[in-house]
Structures are given as structure tokens and as C-alpha cells.
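Reading through the C-alpha cells given below for one structure.
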Amino acid sequence: MMDTFTFPGITQRVIFGSGTLTQTAEEVQRLGHDKALVLSGPNQRHAAEALAAQLGALSAGVFAGAAMHTPVEVTETAMAEFRASGATAVVGLGGGSTVGLAKAIAARSGADQVVIPTTYAGSEMTDILGETQGGEKTTRRSPDIRPETVIYDVDLTLDLPVEMTVASAMNALAHAMEALYAPDLNPVLELLCKDALVAFRNGLPAVIRDPQNLQGRTRALYGAWACSTALGHVSMALHHKLAHTFGGTFDTPHADTHAILLPYTTAFNEVAVPELLAPIAETFGGGSAGAGLWDFAGEIGAPRSLQDIGIAEPDLDRAADIAVKNTYPNPRRFDRAAIRDLLQHAWAGDRPAP
Ligand code: NAD
């Protein structure tokens with residue numbers, strides 16, 4: 001039980017279920033808009049065009065140029081289309097990249113957002129916007145970045161390729177893991193995090209066996225919602241710092257990087273706060289939270305070594321240097337040697353000691 005906490009409330013409207021995409025027009029109108037620009041990445045253009053057709057007169061067209069890590073140049077092109085189209089809202093259909101573009105447009109224009117996530121990355125419930133310009137990523141938090149309405153349609157996740165499903169789910173679990181020891185956690189989010197662990201634990205194996213399994217997909221998407229909600233209200237620590245270090249410096253794939261690091265960052269911090277990470281050990285077994293997540297990653301076929309994403313052993317020195325450059329709160333104190341050691345294990349793909 002928490003003795004002290006602040007619960008700021010969860011202000012977003014969430015529609016969750018199968019077939020909910022059909023409610024998009026109603027949700028745009030509920031926010032008071034009669035023209036919305038539909039956003040997606042290039043691979044989901046077809047789905048975005050179908051959604052625009054479904055929106056009919058409410059659609060101000062499609063911009064299908066969303067890209068990973070929200071490059072400012074892409075946002076500027078999208079902003080020009082947004083202004084020219086006469087839209088006052090955006091509808092983002094896709095993964096974290098598309099949600100990022102919706103947020104970037106909202107931050108610049110005050111547009112309302114209806115976002116429809118199709119991966120488990122979990123940007124949709126947060127007030128966080130990461131943008132890249134000239135190879136530099138900057139991140140900010142602000143209430144006007146948080147999407148007003150989020151539509152989760154399980155049907156849209158049925159075709160998410162298994163590899164992406166697995167990495168994206170581990171990405172979501174990383175949010176829950178760091179939320180469990182965040183100083184700004186509250187009891188509502190703690191319950192959501194615990195529920196998310198169970199939802200992924202129960203849902204993912206069924207999805208791996210049969211990617212079209214509606215019940216497994218529903219559980220996984222529910223877990224994604226819960227993890228995203230937690231991420232949207234608490235601060236992150238060492239795990240996210242390391243994941244961003246690799247993404248920013250070596251351009252490693254976002255979700256895979258999270259998936260690989262998660263068992264190791266969990267094991268590292270578990271030494272300091274075993275009681276806070278106990279829900280992970282209880283859900284995944286393995287004798288400890290770190291080992292349990294490592295075992296689970298193996299069971300669902302997630303990547304488990306930094307070598308799998310092209311990191312060479314000498315890169316670890318550079319990564320360790322960058323990761324300790326700025327100070328940030330973390331439940332366990334560390335120095336460069338400790339981080340270098342953590343990275344060595346993540347590179348070798350060893351099972352964290354229980
Ligand atoms: P993504 O949005 O780039 O999607 C990856 C690929 O999957 C794309 O090619 C996309 O077209 C495809 N895809 C998406 N959904 C699909 C589906 N259902 N079926 C088939 N293909 C599908 O990647 P992502 O992992 O979802 O998001 C990563 C981005 O999100 C990163 O830029 C990360 O920084 C950001 N992010 C931000 C926050 C935040 O709070 N600001 C949180 C989490 C992630």
C-alpha cells in the first residue's frame with residue numbers, strides 16, 4: 001500500500017474493443033470538428049485511405065509520411081498540408097511513429113487528436129513528444145501533446161507481424177517495469193501495471209501460436225493500453241535512458257532495443273527495489289523479475305542479445321560513456337563500470353542471475 005501519492009486523474013477518452021474503428025467519425029464530431037486530416041506511415045497508407053473514405057465529408061485528406069522518431073522536416077511538410085486542408089483535427093492511424101506525428105501537429109497548431117494505435121508501443125496515452133532534427137532527439141512533456149481520444153480496435157492488430165508484436169509488447173512491458181518503481185506512481189497506475197503484466201503473460205503465447213487469435217490479441221492490446229497509461233503519468237529511469245542511448249547513437253530499432261535491454265535493466269534495479277518489482281517475478285516466474293522476463297522473452301521469441309541488432313562489443317564502451325553523461329533519478333545508484341557490466345551481459349545474451 002502507498003502511504004502518500006498524487007493521482008492527477010486520467011483525462012483521455014478511450015474506446016476499446018473489436019470493430020471500434022467505425023466509431024471514428026462520431027469521435028471526431030464529439031470533439032466538435034468537421035474536418036480532420038488522416039495521418040499514417042507509408043506502409044499503412046491503404047488503411048488510412050480506407051478510413052478517410054469511411055469519414056466521408058469529415059476527411060480533409062490523407063498524409064501518409066509519418067516516420068520513426070518524428071523528424072521535424074516530416075512534421076513541417078505535414079503541417080503545410082494540415083493548414084492547406086482546412087482541418088482542425090487530426091486522426092492518426094498507426095504505430096508510435098504516426099501517433100508522434102499527430103502529437104507534433106497538435107503541439108504546433110492546437111489541433112485535437114483522435115489516435116488509433118496499431119502496435120503496442122504506447123505513445124497514445126502519454127503527454128510525451130520526442131522529435132528529431134539534425135540527428136538530435138529532444139523530448140518534451142506538455143498537456144496539449146496528450147491525444148484527446150484514443151480508439152483501440154483489436155481487429156487492426158490481427159495482422160501485426162509476430163516479430164513486431166513480440167518486440168512491441170516487450171517495449172510496453174518496459175514502461176510498466178519502470179513505472180513500478182517511479183517516484184510519481186499512484187495506486188491506480190500500479191494496479192494497471194500489474195494487470196498489464198498478467199494480460200501480456202496470458203495473451204502473448206496465444207498470439208504467437210495464432211496471430212489472428214482475437215482473445216490473445218485483445219489481452220495484449222489491453223496490456224498496451226495499461227502500460228501506455230502508466231507511461232503517460234510517471235517518470236522513466238535507467239532502462240529508458242539506455243534504450244534512447246542505443247537508438248540515438250547506433251540507430252538501433254526502437255522496440256527491439258527495449259526488448260533486449262529489459263531483462264538486464266530489470267535485474268539491475270531489482271537489487272535495489274526487489275519488493276517493487278516483485279509483481280514481475282510473481283507473474284513471470286524464473287526466481288526473479290530479471291530472469292523471469294528473460295525466460296518470457298525466450299518463450300515468445302523476442303530478441304535477447306545486443307548482437308542481434310548489430311551492436312559490436314567496442315560499441316558498449318561508447319554507450320556506457322553516453323549513458324552516464326547526465327544524471328537522472330534511478331532506484332539503484334550506478335557508475336560507468338556498473339553500466340558497462342550490464343551492457344556486457346545484454347550483449348552476450350546471458351540469463352540474468354536470479
Ligand atoms: P512504428 O510506428 O514506426 O511502426 C513500425 C512499423 O510497423 C511501420 O512500418 C508500420 O507501418 C508497421 N505497422 C504498425 N502497425 C501495424 C499493423 N497493425 N500491422 C502491420 N504493420 C503495422 O513503430 P512503433 O514501434 O509502433 O513506434 C515507435 C515510435 O514510437 C518511436 O519513434 C518511439 O520513440 C515512439 N514512442 C513514443 C512514445 C511517447 O510516449 N512519446 C511512447 C512509445 C513509443
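Excluded from the calculations below are hydrogen atoms, water molecules and symmetry mates; all remaining heavy atoms, backbone and side chain alike, are included. First listed ligand is number 1; within each ligand, the first listed atom is number 1.
Proximity to Asp159 (heavy-atom distance under 4.0 Å) selects the following atoms of ligand 1: 19 (N), 20 (C). Close contacts between ligand 1 and Asn43 involve ligand atoms 9 (O), 11 (O) [criterion: under 4.0 Å to a heavy atom]. Contact atoms of ligand 1 toward Gly96: 2 (O), 24 (P), 26 (O), 27 (O), 29 (C), 30 (O) (distance under 4.0 Å to a heavy atom of the residue). Listed by number with element, the atoms of ligand 1 under 4.0 Å from a non-hydrogen atom of Gly95 are 2 (O), 26 (O). Atom numbering of ligand 1 starts at 1 in the shown order; those under 4.0 Å from a heavy atom of Lys137 are 34 (O). Which parts of ligand 1 touch Pro161 is read off a 4.0 Å heavy-atom cut-off, strictly below it: atoms 20 (C). Near Leu156, the atoms of ligand 1 lying under 4.0 angstrom from a non-hydrogen atom of the residue are 18 (N). Against a heavy-atom cut-off of under 4.0 Å, His69 is close to the following atoms of ligand 1: 31 (C), 32 (O), 34 (O).
For the pair Arg108 (side chain) and Ala104 (backbone), a donor-acceptor distance under 3.5 Å is present.
Of the heavy atoms in Pro42, none comes closer than 4.0 Å to ligand 1. When heavy-atom distances to ligand 1 are checked against a 4.0 Å cut-off, Val99 has no atom that comes that close, whether in backbone or side chain.
Residue Lys103 places a heavy atom under 4.0 Å from ligand 1. Heavy-atom separations between Ala67 and ligand 1 are all 4.0 Å or longer.
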Item to complete: Test Arg13 against Glu27 for salt bridge (charged side-chain N to carboxylate O under 4.0 Å, His left out), laying out the working first.
Response: CA-CA 9 Å; Arg13 182 174 162 83; Glu27 292 304 323; 2.8 Å; yes
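Which of Thr118, Thr98, Asp256 comes nearest to atom 15 (N) of ligand 1 through a heavy atom is settled by distance: it is Thr118.
A cation-pi geometry, defined here as NZ or CZ lying under 6.0 Å from the six-membered ring centre and within 45° of its normal, holds between Arg332 and Phe268.
For atom 31 (C) of ligand 1, the nearest non-hydrogen atom of the protein is Met68 SD, 3.6 Å. Of the protein's non-hydrogen atoms, the one nearest atom 40 (O) of ligand 1 is Thr126 OG1, 2.6 Å. Here the protein heavy atom with the shortest distance to atom 36 (N) of ligand 1 is Ser123 CB, 4.1 Å. At the top of the distance list for atom 7 (O) of ligand 1, counting protein heavy atoms only, stands Met164 SD, 3.0 Å. Annotation: atom 10 (C) of ligand 1 to nearest protein heavy atom, Gln44 OE1, 3.7 Å. Atom 1 (P) of ligand 1 has as its closest protein heavy atom Ser97 OG, 3.3 Å.
Of the N or O atoms in Ile128, one or more lie within a sub-3.5 Å distance of an N or O in ligand 1.
Within the 4.5 Å cutoff, side-chain heavy atoms of Phe250 are placed close to those of Asp315.
Ring-plane geometry between Tyr222 and Phe16 is classed as perpendicular, the angle between the planes exceeding 60 degrees on a 0 to 90 degree scale with a lower cut at 30.
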